[in-house]
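Comments concern the structure below.
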Amino acid sequence: MATAAVCGTKRSSFFEDEISSIPLLKRIRCTSPPGIRPPPPPPKENPAPKNPVPASGEQWVDLLVKEMTSATSVDDAKSRAGRVLEMLQRVIGDQVTEEAAKSFETENYALKERAEALCEENGVLKRAVVIQHEMLKEGEEKEKELKQYKGMVEHFQEKARMLEANNYALSVHLNQAMQGNSLGGHWNPDVY
């Protein structure tokens with residue numbers, strides 16, 4: 001099936017599949033009939049919406065609908081939708097960045113407080129370790145002294161047992177000597 005396209009006063013025949021590959025705007029009439037003006041081309045760049053940034057989802061929907069209804073063509077609608085979406089993306093990015101910064105700041109403050117608390121705890125623990133070390137040192141010194149005293153006590157107890165044994169032996173000898181004097185009545189001239 002052949003289709004004809006009109007361009008000015010010339011007629012050309014194309015096959016339908018060839019026409020479908022040509023964009024719609026290139027297939028329309030190149031000249032207008034006398035007395036009819038073609039519609040003005042859509043503006044290339046519409047300024048971004050000057051309304052304040054919407055705060056809720058409903059306001060974003062309203063803004064998007066307003067922009068779409070104000071569009072004069074499909075390209076204009078695409079461009080307006082693109083700008084609204086870019087603005088939404090910027091707003092979301094700014095909010096995420098702001099929230100991340102606040103979260104980071106809060107977390108940073110909490111970590112600083114925790115670090116300070118840990119430093120204080122560390123100082124307390126260091127002092128406790130020093131005190132414990134001193135107490136252990138004193139305990140070791142006292143234990144050494146105690147061992148020395150125990151050794152001295154054992155030494156003196158041994159000496160006391162020896163002295164008691166010597167004292168007993170001397171008393172036995174003395175008793176024997178006294179009994180020997182009382183029996184014989186003779187005194188040994190060598191002992192006096």
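Sequence positions, counted from 1, serve as the residue numbers for this chain. The shown structure was predicted, so the numbers you read here are calculated from the model rather than taken from an experiment.
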CA sep, side-chain torsions, deciding dist, call: Q176, V172, side-chain contact (heavy atoms from CB on, under 4.5 Å)
CA-CA 6 Å; Q176 285 177 352; V172 168; 3.9 Å; yes
Determine, step by step, whether V124 and E121 satisfy the side-chain contact (heavy atoms from CB on, under 4.5 Å) criterion, reporting the C-alpha distance in whole Å, the side-chain angles of both residues, the deciding distance to 0.1 Å, and the verdict.
CA-CA 5 Å; V124 168; E121 288 179 22; 5.6 Å; no
Apply the test salt bridge (charged side-chain N to carboxylate O under 4.0 Å, His left out) to residues E158 and R161: give CA-CA distance (whole Å), side-chain angles for both, the deciding distance (0.1 Å), then the verdict.
CA-CA 5 Å; E158 185 63 32; R161 277 192 290 270; 3.0 Å; yes
Before giving the answer on salt bridge (charged side-chain N to carboxylate O under 4.0 Å, His left out), spell out for D76 and R80 the whole-Å C-alpha distance, their side-chain angles and the decisive distance to 0.1 Å.
CA-CA 6 Å; D76 186 33; R80 287 173 180 262; 3.1 Å; yes
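The pair E141-K137 does not meet the salt-bridge criterion, since no charged nitrogen lies less than 4.0 angstrom from a carboxylate oxygen. Between R90 and D94, none of the side-chain N atoms (NZ, or NE/NH1/NH2) sits under 4.0 Å from a carboxylate O, so this pair counts as no salt bridge.
Considering OG of S103 and CD of E98, their distance stands at 12.5 Å, rounded to 0.5 Å. Distance check, rounded to the nearest 0.5 Å: CG of L174 to CG of L170 gives 8.5 Å. One finds the OG1 atom of T97 at 9.5 Å from the CD atom of E99 (value rounded to the nearest 0.5 Å).
The shortest distance between side-chain heavy atoms of L118 and N122 does not fall below 4.5 Å. Residues T69 and V65 meet the side-chain proximity criterion, which asks for heavy atoms closer than 4.5 Å.
Nearest approach of W60 to V84, heavy atoms of both residues: CZ3-O, 3.8 Å.
Heavy atoms of other residues, nucleotides or ligands lying less than 6.0 angstrom from CD of Q89 number 12 at most.
The backbone N or O of Y168 sits less than 3.5 Å from a side-chain atom of S171, completing a donor-acceptor pair.
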